[in-house]
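Written out below as structure tokens is the structure these notes cover.
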Amino acid sequence: MWYFDNDYLEGAHPEILRRLAETNLEQTPGYGEDDYSKSAREKIRVACDCPDADIYFTAGGTQTNALVIDSLLHSYEGVISARTGHVNAHESGAIEFTGHKVLPLPQYQGRISASDLSAYLAGFWKDENREHMVFPGMVYISHPTEYGTLYTKDELSALSGICRTYRIPLYLDGARLGYGLMSRRTDVTLPDIAKYCDVFYIGGTKVGALFGEAIVFTRRNTPAHFTALLKQHGALLAKGRMLGLQFDTLFTGGLYFQISAHAIDMAERLKDMFVRKGYELFMDSPTNQQFIILENSFIERLREEVSFSYWEPLDEHRSVVRFATSWATTAEQLDALERLI
């Protein structure tokens with residue numbers, strides 16, 4: 001069986017495992033106060049060109065989204081998201097579970113537009129009944145989006161400008177950030193994201209780590225007593241060095257970017273393979289998630305030997321499926337898939 005379901009099927013990059021093993025018996029302070037975590041924070045600040053950034057490590061993406069959004073919102077506020085945004089569509093109501101409503105906007109291949117955001121915020125503040133409504137307290141985007149698409153630098157700048165006009169934070173979900181940054185068709189860099197976003201996170205779980213995400217507050221805007229908030233949300237890992245060491249490894253010698261670029265190379269080859277054989281793309285994703293239109297009958301046959309994600313029905317006879325590459329995808333896997341399609 002060959003697996004292309006997602007980008008977190010494998011364990012961790014061998015260099016992470018090597019460093020975890022060789023430091024296994026070291027005794028270090030807990031809760032991220034160890035030297036490995038301190039080193040990782042400094043390397044991330046350098047990579048972001050953001051020397052004043054506050055950085056915290058968590059274990060997973062949904063945990064991170066719920067924590068960040070809850071900590072930045074008042075009880076009467078909600079978070080604006082694309083209708084297809086992860087927090088709205090694929091997190092089992094985790095944000096609502098914290099007491100905050102997700103406020104969905106139309107999506108354009110997974111993205112929200114500055115014009116829609118501006119119109120929504122202007123409309124809210126003009127509404128005489130707003131005291132009886134959920135206040136828009138922040139904006140959530142992801143990069144890449146649920147469809148593997150990317151924001152441009154101009155789009156990020158426009159969204160950031162609107163958020164600053166209305167004095168609400170722009171939060172970027174970077175679960176697959178490495179794959180967005182290393183896309184062949186992006187003009188966005190990590191320092192750009194630090195410049196335009198008030199807070200974002202760098203995904204490790206899907207980009208080479210065993211588990212872990214790095215939250216980056218970019219403007220001395222960390223909520224007060226954030227460590228206590230981490231603990232309240234069950235996100236403060238006692239053995240914090242397990243997270244710090246992984247990010248220290250990923251941000252040493254450009255490893256995070258190198259392995260992300262590999263996933264993009266594999267995704268481009270996968271996409272070219274399907275196109276060359278006459279299959280239709282649902283959309284032209286520039287990252288590691290590729291969405292292919294297949295006949296339903298062929299999906300059932302292919303599933304006997306290949307595992308991939310069902311995405312959505314297209315019509316009575318065809319559906320959209322997702323194939324994902326990762327930092328660990330091999331040419332052998334793609335060769336096997338090519339023989340089967």
Side-chain angles (χ1 to χ4, degrees), residues 1-11 61-62 82-92 104 106-111 142-150 173 175-180 182-186 203 205-208 259-341:
M1 197 74 167
W2 302 95
Y3 294 89
F4 296 90
D5 304 68
N6 53 56
D7 39 22
Y8 44 94
L9 294 166
E10 296 86 6
T62 298
R83 180 182 60 80
T84 53
H86 200 67
V87 294
N88 188 52
H90 289 127
E91 288 195 334
S92 302
Q107 60 89 23
Y108 307 92
Q109 293 192 335
R111 301 185 298 271
S142 63
H143 186 82
T145 70
E146 293 297 279
Y147 288 102
T149 53
L150 298 171
D173 177 333
R176 295 184 168 95
L177 186 56
Y179 304 137
M182 299 312 295
S183 168
R184 299 173 185 176
R185 288 181 282 159
T186 187
T205 300
K206 297 175 180 177
V207 193
I259 64 177
S260 296
H262 170 78
I264 296 300
D265 290 342
M266 295 293 100
E268 291 294 330
R269 179 178 163 186
L270 184 149
K271 176 166 57 180
D272 292 344
M273 181 174 70
F274 274 101
V275 171
R276 190 173 64 252
K277 293 208 170 189
Y279 295 95
E280 184 180 353
L281 302 176
F282 180 59
M283 62 180 63
D284 188 11
S285 165
T287 59
N288 72 312
Q289 301 178 84
Q290 297 298 320
F291 298 87
I292 317 295
I293 298 172
L294 298 180
E295 295 285 340
N296 293 335
S297 57
F298 180 63
I299 289 174
E300 294 308 312
R301 293 199 303 273
L302 188 59
R303 275 182 164 169
E304 294 177 3
E305 298 186 73
V306 181
S307 186
F308 48 91
S309 296
Y310 182 88
W311 208 250
E312 60 188 71
L314 189 67
D315 55 37
E316 185 179 356
H317 302 290
R318 300 178 300 162
S319 296
V320 180
V321 299
R322 183 187 73 173
F323 289 79
T325 61
S326 80
W327 61 273
T329 301
T330 66
E332 177 189 16
Q333 290 170 315
L334 294 182
D335 289 343
L337 178 60
E338 184 168 15
R339 290 192 294 269
L340 292 169
I341 63 171

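Just so it is clear, the structure is predicted and the values come from calculations on it, not from any experiment.
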All side chain to side chain contact (heavy atoms under 4.5 Å, CB included) counterparts of Asn6, not counting sequence neighbours
Tyr8, Leu9, Arg322
Run the side chain to side chain contact (heavy atoms under 4.5 Å, CB included) test against Thr84 and tell me which residues pass, sequence neighbours left out.
Ala82, Gln107, Tyr147
Tell me, please, which residues at least two apart from [X] pass side chain to side chain donor-acceptor pair (under 3.5 Å).
X: Tyr108; answer: Asp116
X: Tyr310; answer: Ser319
X: Ser285; answer: Thr287

Residues in ring pair (Phe, Tyr, Trp, His ring centres under 6.0 Å) with His86, at least two apart?
His90
All ring pair (Phe, Tyr, Trp, His ring centres under 6.0 Å) counterparts of Phe4, not counting sequence neighbours:
none
Mind checking salt bridge (charged side-chain N to carboxylate O under 4.0 Å, His left out) for [X] and listing every partner two or more places apart, or none if nothing turns up?
X: Asp284; value: Arg185, Lys271
X: Asp173; value: none
X: Arg301; value: none
X: Arg318; value: Glu280, Asp315

Would you give me the side-chain donor-acceptor pairs under 3.5 Å for residues 334-341, sequence neighbours excluded?
from, atom 1, to, atom 2, distance (Å)
Asp335, OD1, Arg269, NH2, 2.2
Glu338, OE2, Arg276, NH2, 2.3

Donor-acceptor contact below 3.5 Å, side chain His262 vs main chain Thr329:
yes
